[in-house]
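The next block holds one structure in the form of structure tokens; read it before the comments.
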Amino acid sequence: MHDNFRNNIIWQKNTITRIKRENKNGHKSILVWLTGLSGSGKSSIANVVEAMLFKHGVNTYLLDGDNIRLGLCSDLSFSLVDRQENIRRLGEVSKIMLDSGILVLASVISPYKCHRQLIFDIVGKNNCFEVFVDTPISICRKRDSKGLYKKADSGEIRDFTGVQSIYETPEAPDLILDGTLPLKKNAEKIIKKLYNKNIIPKFKSME
Ligand SMILES: Nc1ncnc2c1ncn2[C@@H]1O[C@H](COP(=O)(O)OP(=O)(O)O)[C@@H](O)[C@H]1O
Ligand SMILES: [Mg+2]
């Protein structure tokens, strides 16, 4: 039996704190969570944002939903229970990375409101900036860069978001991006918000 083993685990306070790391870095850490349909442009936009931040000396990491599913979460399916566990692990990893002073970008379909809420609950809403990449499904289907809509239509993939499985549109995201606009334009919108929220310093190119 497991008993109440959790009662016997006590948080260890470390000397080097998140604030110390942020001060050393010269920027704050936050989780930029990009949600949207498959093919909406989450990974592409996050990749451009990260490249811009990296160029200006911001310590970043991009957690891409697909990459995480090939490693940390490779044991999980797309059932509701496994999708939730996938999100929980992403939340816990993000929380550690935030504590390490890194500005984390996450590009994850995360179709369910309750799962996005789980992320906010794990990392704290103040630590999370929700970006909805709003791209009509007709455009996502036309892009179909990985051929997944085609596979879902033929039944080769089941539980595919937007086909057999729903996407719940965020009600009050911090930012809505029109996913049909040029990548750079959308990336700049995120960078600007991060500056306005006092997360990153002003870059010369913003002046
Ligand atoms: N304006 C645009 N913004 C983002 N992606 C675009 C745009 N126009 C075309 N694409 C293409 O759409 C495809 C899907 O983007 P991706 O970032 O993989 O989406 P997601 O990560 O949301 O599944 C990519 O091949 C990308 O190059
Ligand atoms: Mg992607």
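As a basis for the values below, the full set of heavy atoms in this structure was taken, side chains included, without hydrogen atoms, waters or symmetry mates. Order of listing sets the numbers, starting from 1, for every ligand and every atom in it.
Environment of NZ in Lys113: crowded, with over 12 heavy atoms of neighbouring residues, nucleotides or ligands closer than 6.0 Å. Within 6.0 Å of CD1 on Ile19 lie no more than 12 heavy atoms contributed by other residues, nucleotides or ligands.
Scanning Leu183, Leu37, Leu177 for the heavy atom closest to atom 3 (N) of ligand 1 points to Leu183.
Of the polar atoms of Gly41, at least one N or O is found under 3.5 Å from an N or O of ligand 1, judged by distance alone.
With ligand atoms numbered from 1 in the order given, ligand 1 contributes 1 (N), 2 (C), 3 (N) to contacts under 4.0 Å with heavy atoms of Leu181. Atoms of ligand 1 lying under 4.0 Å from at least one heavy atom of Ser40, given by number and element, are 19 (O), 22 (O). The distance from ligand 1 to the heavy atoms of Gly179 drops below 4.0 Å at these ligand atoms: 1 (N), 2 (C), 3 (N). Residue-ligand proximity, Ser38 to ligand 1, at heavy-atom distances under 4.0 Å covers atoms 23 (O).
Scanning the protein for heavy atoms near atom 25 (O) of ligand 1, the closest one is Ser145 CB, 3.5 Å. Annotation: atom 7 (C) of ligand 1 to nearest protein heavy atom, Arg143 NH2, 3.2 Å. Nearest protein heavy-atom contact of atom 21 (O) of ligand 1 is Ser43 OG, 2.8 Å. For atom 26 (C) of ligand 1, the closest heavy atom belonging to the protein is Ser44 OG, 3.6 Å. At the top of the distance list for atom 22 (O) of ligand 1, counting protein heavy atoms only, stands Lys42 NZ, 2.7 Å.
Of the possible polar contacts, one joining the Gln164 side chain to the Ile157 backbone as a donor-acceptor pair under 3.5 Å is found. A distance-only check finds no donor-acceptor pair linking the side chain of Asn25 to the backbone of His27 [under 3.5 Å].
Counting heavy atoms from C-beta outward, Thr60 and Leu62 have side chains that stay 4.5 Å or more apart. Between Asp174 and Lys125, the closest side-chain pair of non-hydrogen atoms falls below 4.5 Å.
Taken together through direct or relayed side-chain contacts under 4.5 Å among Ile, Leu, Val, Met, Phe, Trp and Tyr, Leu34 and Tyr112 form parts of separate hydrophobic clusters.
Within the model, atoms CZ of Arg69 and OG of Ser77 stand 7.0 Å from one another, a figure rounded to the nearest 0.5 Å.
Between Phe203 and His56, the angle of the ring planes stays under 30°, which puts this pair in the parallel group of the 30/60° scheme.
Contact analysis leaves Asp66 out of contact with ligand 1, as no non-hydrogen atom separation drops below 4.0 angstrom. Using a 4.0 Å cutoff on heavy atoms, Gly39 counts as a contact of ligand 1.
The Mg ion (ligand 2) has Ser43 OG as its protein N, O or S neighbours under 2.8 Å.
Residues Gly179 and Val133 come closest through the heavy atom pair CA-CG1, 4.2 Å.
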Hey, mind stepping through Asn127 and Arg18 against side chain to side chain contact (heavy atoms under 4.5 Å, CB included) and telling me if it holds?
-> CA-CA 12 Å; Asn127 290 312; Arg18 171 175 170 176; 3.0 Å; yes
Test Arg141 against Asp153 for side chain to side chain contact (heavy atoms under 4.5 Å, CB included), laying out the working first.
-> CA-CA 10 Å; Arg141 280 182 163 282; Asp153 286 340; 2.7 Å; yes
